[in-house]
Amino acid sequence: MTDPAEAQLARQEAWIVDAAEVIYGDRTDVAERFVEHLVTTGIEWGLLGPREIPKMWDRHVLNCAVVQELIPGGAVIADVGSGAGLPGLALAIARPDVQFVLIEPLERRVDWLDMVIEDLGLDNVDVIRARSEQVFDTVDVDIVTARAVSAMKSLVPMTVPLLHGQGELLAIKGKSAAAEIEKADKVLRKFKTKKSEVLTVGEELLEVPTTVARLTYGS
């Protein structure tokens, strides 16, 4: 009998299957099980809407996973507002060499994340139930990631303090990324942003590449 997660991937277009194999390699089966959770328990628990099911691979999981090319080996990452593990779990599966801390304030989402992490056997992920502002003093990371959390003007104050003056914020954005950075100019200067740029990743793998706003701090 075909595994439901494997069947879900097999139904996708060829380029999606190829992209998943390039990004996840011998961990594609783990990514498949993650997607199976997203389209079943993720919907049942109200983390995602049923309309997202047909585009779960390309617009959600792979859209997040391609950001792994911006992450150096051995990094420690905080994913703020993890929700359904996007991008945190999508990246953690692809990068077992990187440690992730998922920061999520809602109990139901934290319970779901804990359940999925245990089921997938991920040993490079921890979950903290809190707002990011509540753990500024206790969490110190190299990179902060965020997706669909807030506009840059609000996102910077709730993420950058986790870097303690040194590191990067990688915010997955849409076409508005450049405009958001421009509108956040005063905030970026307040937090001593060394460099801000808009990057496109996954151009060789995805039909719609991922746009990332990268802010750099420290040396």
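Hydrogens, waters and symmetry mates are skipped; everything else that's a heavy atom, side chains included, is used.
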Discussion item. Quick one, Val201 and Leu70 - any side-chain contact, counting heavy atoms below 4.5 Å?
Written reply: yes
Worksheet item: So which heavy atom on Ser82 is nearest to which on Leu102, and how close?
Response: OG-CB, 3.2 Å
Discussion item. I'd like to know if the side chain of Arg214 reaches the main chain of Glu197, judged simply by a donor and an acceptor atom lying under 3.5 Å from each other, with no hydrogens or angles considered.
Written reply: no
Worksheet item: Checking side chain to side chain contact (heavy atoms under 4.5 Å, CB included) for the pair Gln99/Val125: CA distance, chi angles, key distance, verdict?
Response: CA-CA 6 Å; Gln99 190 67 34; Val125 187; 5.7 Å; no
Worksheet item: What do you reckon, is CZ of Arg59 surrounded by more than 12 foreign heavy atoms closer than 6.0 Å?
Response: no
Worksheet entry | Euclidean distance, Lys153 NZ relative to Ile181 CD1, rounded to 0.5 Å | 15.0 Å
Item to complete: Answer yes or no: is there a donor N or O on one side and an acceptor on the other, between the side chain of Thr193 and the main chain of Arg189, under 3.5 Å?
Response: no
Worksheet item: Out of curiosity, Ile128 CD1 to Leu113 CG, how far, rounded to the nearest 0.5 Å?
Response: 12.0 Å
Worksheet item: Is there a side-chain contact between Ile103 and Leu162 (heavy atoms, below 4.5 Å)?
Response: yes
Item to complete: Give, for atom CD of Glu204 and atom CD of Glu69, the distance between the pair rounded to the nearest 0.5 Å.
Response: 8.5 Å
Worksheet item: What's the shortest heavy-atom distance between Gly167 and Leu163, and which atoms?
Response: C-CD1, 3.8 Å
Discussion item. Can you give me the closest heavy-atom contact between Gly81 and Glu104, atom names plus distance?
Written reply: C-OE1, 3.6 Å
Fill in: Shortest non-hydrogen contact between Glu207 and Trp15, atoms and distance
OE2-NE1, 3.1 Å
Discussion item. Under 4.5 Å between side-chain heavy atoms, counting indirect links through other Ile/Leu/Val/Met/Phe/Trp/Tyr residues: same cluster for Leu199 and Val156 or not?
Written reply: no
Worksheet item: How long is the gap from NE2 on His60 to CD1 on Ile53, to the nearest 0.5 Å?
Response: 10.5 Å
Fill in: Close side-chain approach of Trp45 to Asp111, heavy-atom, < 4.5 Å
yes
Worksheet item: Can you find a heavy atom in the side chain of Leu215 that is under 4.5 Å from one in the side chain of Lys195?
Response: no
Fill in: Pairwise distance CG(Leu170) to OG1(Thr210) - rounded to 0.5 angstrom
12.0 Å
Worksheet item: Shared ILVMFWY cluster between Val61 and Val149, side chains joined below 4.5 angstrom?
Response: no
Worksheet item: Could you walk me through whether Cys64 and Arg147 pass the side chain to side chain contact (heavy atoms under 4.5 Å, CB included) check?
Response: CA-CA 8 Å; Cys64 293; Arg147 179 180 188 255; 3.3 Å; yes
Worksheet item: With a 4.5 Å heavy-atom cut-off, do Ile172 and Thr211 have their side chains touching?
Response: no
Worksheet entry | Nearest heavy atoms of Leu120 and Val30, plus distance in Å | CD2-O, 3.9 Å
Fill in: Between CZ on residue Arg95 and CD on residue Gln68, distance to nearest 0.5 Å
5.5 Å
Worksheet item: So Trp57 and Tyr24, would you call those rings parallel, tilted or perpendicular, with 30° and 60° as cut-offs?
Response: perpendicular
Item to complete: Apply side chain to side chain contact (heavy atoms under 4.5 Å, CB included) to the pair Ile117 and Leu89, showing each step before the final yes or no.
Response: CA-CA 8 Å; Ile117 290 166; Leu89 291 186; 3.8 Å; yes
Worksheet item: Linking I/L/V/M/F/W/Y whenever any side-chain heavy atoms sit under 4.5 Å apart, do Val212 and Ile77 land together?
Response: yes
Discussion item. Suppose we screen for salt bridge (Lys or Arg N to Asp or Glu O under 4.0 Å). Which residues come up paired with Arg51, at least two apart in sequence or across chains?
Written reply: none
Worksheet item: For Thr145 and Val80, what are the C-alpha separation, side-chain angles and deciding distance, and is it a side chain to side chain contact (heavy atoms under 4.5 Å, CB included)?
Response: CA-CA 6 Å; Thr145 58; Val80 171; over 6 Å; no
Item to complete: State, yes or no, whether a side-chain contact exists between Leu62 and Leu206 at a heavy-atom distance under 4.5 Å.
Response: yes
Worksheet item: Do Met115 and Phe34 belong to the same hydrophobic cluster, where Ile, Leu, Val, Met, Phe, Trp and Tyr are linked whenever their side-chain heavy atoms lie under 4.5 Å apart, directly or via other members?
Response: yes
Practice prompt. May I have all residue pairs that pass side chain to side chain donor-acceptor pair (under 3.5 Å) and include part of residues 157-175, sequence neighbours excluded?
Written response: Gln166-Ser219, Lys173-Glu180
Worksheet item: Residues two or more places apart in sequence or in another chain: which of them pass salt bridge (Lys or Arg N to Asp or Glu O under 4.0 Å) with Arg131?
Response: Glu133
Discussion item. Test of understanding: clusters of I, L, V, M, F, W, Y form through side-chain heavy atoms closer than 4.5 Å, transitively. Do Leu38 and Val116 belong to the same one?
Written reply: yes
Worksheet item: Which heavy-atom pair separates Ala130 from Val135 by the least distance, and what is that distance?
Response: CB-CG1, 3.9 Å
Discussion item. Counting C-beta onward and ignoring hydrogens, is there a side-chain heavy-atom pair between Phe100 and Asp126 closer than 4.5 Å?
Written reply: no
Practice prompt. Report yes if the side chains of Val66 and Pro209 come closer than 4.5 Å at any heavy-atom pair, otherwise no.
Written response: no
Practice prompt. Tell me, yes or no, whether the heavy-atom count around Glu182 atom CD, taken from other residues, nucleotides or ligands under 6.0 Å, exceeds 12.
Written response: no
